[in-house]
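Count residues from 1 along the sequence.
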Amino acid sequence: VQLQASGGGSVQTGGSLRLSCAGSGRTFGSYTLGWFRQPPGKEREFVAAITMLSGGSTYYADSVKGRFTISRDNAENAVYLQMNSLKPEDTAVYYCAAAEQYYFRTYYDSRRYKYWGQGTLVTVSS
């Protein structure tokens, strides 16, 4: 599976962006899909995940809950991250990732994801 992330850019505080991640090489309709981010000078952190449990359960980091929405389109082999009310602390390189399990409890653990996109930079200015 190859993942290609896109949609990053520069916005002001309060703005919105929609990240996309297209998959190729294999359909990932039964995979768990996630978004992670790496702020400047910091470690990579979990942002959101969507599984195939119960048709698509979603999970979010507390820092983005209520502002970000993860969704998937299995027909398009894609996963999206709608980001609203952006803050300067959301500035990071955002990565999409895929894990071959349809669900696992440690969806926030980057080590559980086998496939990764190349990252797309999001910059939020105050």
Side-chain angles (χ1 to χ4, degrees):
V1 175
Q2 292 79 43
L3 303 177
Q4 181 74 34
S6 61
S10 296
V11 297
Q12 292 188 329
T13 298
S16 298
L17 281 174
R18 186 183 191 228
L19 304 184
S20 300
C21 179
S24 62
R26 188 183 304 175
T27 178
F28 51 58
S30 62
Y31 289 12
T32 291
L33 305 173
W35 286 95
F36 291 78
R37 66 187 182 187
Q38 186 164 14
K42 297 184 179 181
E43 295 185 352
R44 191 174 298 187
E45 61 186 29
F46 169 75
V47 175
I50 183 166
T51 74
M52 287 305 293
L53 184 68
S54 300
S57 298
T58 57
Y59 306 89
Y60 298 93
D62 288 342
S63 59
V64 307
K65 202 171 294 184
R67 300 187 298 122
F68 290 12
T69 302
I70 187 172
S71 61
R72 65 192 295 165
D73 186 334
N74 290 340
E76 295 294 327
N77 228 31
V79 59
Y80 307 98
L81 186 69
Q82 177 65 44
M83 305 186 295
N84 299 328
S85 302
L86 284 162
K87 305 175 181 180
E89 50 264 43
D90 295 319
T91 294
V93 177
Y94 283 71
Y95 299 89
C96 57
E100 292 178 333
Q101 297 81 12
Y102 81 99
Y103 170 75
F104 50 94
R105 291 185 178 182
T106 54
Y107 49 81
Y108 48 83
D109 187 348
S110 63
R111 296 171 296 179
R112 297 297 305 271
Y113 292 79
K114 183 175 181 179
Y115 307 103
W116 289 84
Q118 84 289 2
T120 184
L121 177 63
V122 172
T123 303
V124 185
S125 58
S126 57

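For Val124, the side chain to side chain contact (heavy atoms under 4.5 Å, CB included) test picks out Val11, Thr13, Leu86, Pro88, Asp90, Thr91, Val122, with sequence neighbours left out. Ala61 pairs by the side chain to side chain contact (heavy atoms under 4.5 Å, CB included) definition with Phe46, Ser63, Val64, not counting sequence neighbours. With sequence neighbours left out, the ring-ring contact (aromatic ring centres under 6.0 Å, His included) criterion links Tyr102 to no other residue. Contacts of Ser85 classified as side chain to side chain donor-acceptor pair (under 3.5 Å), with partners at least two apart in sequence or in another chain: none. With sequence neighbours excluded, the residues satisfying side chain to side chain donor-acceptor pair (under 3.5 Å) with Gln82 are Asn84. In terms of the side chain to side chain donor-acceptor pair (under 3.5 Å) criterion, Tyr95 has no residue partners (sequence neighbours excluded). By the ring-ring contact (aromatic ring centres under 6.0 Å, His included) test, Tyr59 pairs with Tyr107, sequence neighbours left out. Residues satisfying the side chain to side chain contact (heavy atoms under 4.5 Å, CB included) criterion with Ser24, sequence neighbours excluded, are Gln2. Under the side chain to side chain contact (heavy atoms under 4.5 Å, CB included) criterion, Ala99 pairs with Thr32, Gln101, Phe104, Tyr113, sequence neighbours left out.
One N or O on the side chain of Asn77 and one on the backbone of Arg26 form a donor-acceptor pair closer than 3.5 Å. Without hydrogens or angle criteria, Asp73 side chain to Ala78 main chain gives no donor-acceptor distance under 3.5 Å.
Atom OG of Ser71 and atom CD1 of Ile50 lie 6.5 Å apart (nearest 0.5 Å). One finds the CZ atom of Phe28 at 7.0 Å from the CZ atom of Arg72 (value rounded to the nearest 0.5 Å).
Phe68 and Phe36 fall into different hydrophobic clusters, defined by Ile, Leu, Val, Met, Phe, Trp and Tyr side-chain heavy atoms under 4.5 Å apart, directly or through other members. There is no path of hydrophobic side-chain contacts, each under 4.5 Å, that joins Met52 to Leu81.
Across all non-hydrogen atoms, the minimal contact from Tyr94 to Met83 is CE2-SD, 3.8 Å. In terms of heavy atoms, Ser20 sits closest to Tyr80 at OG-CD2, 3.4 Å. Heavy atoms only, all atoms of each residue included: Ala98 and Leu3 are closest at N-CD1, 3.8 Å. Closest heavy-atom contact between Val93 and Gly119: CG1-CA, 3.8 Å.
Screening residues 8-22 for salt bridge (Lys or Arg N to Asp or Glu O under 4.0 Å) gives no qualifying pairs among residues at least two apart or on separate chains. Listed by first then second residue, pairs satisfying side chain to side chain donor-acceptor pair (under 3.5 Å) with a partner in residues 114-126 read Glu100-Tyr115, not counting sequence neighbours. For residues 38-50, every residue pair satisfying the salt bridge (Lys or Arg N to Asp or Glu O under 4.0 Å) rule, not counting sequence neighbours, is listed here: Arg37-Glu45.
Within the 4.5 Å cutoff, the side chain of Ile70 has heavy atoms near those of the Val79 side chain.
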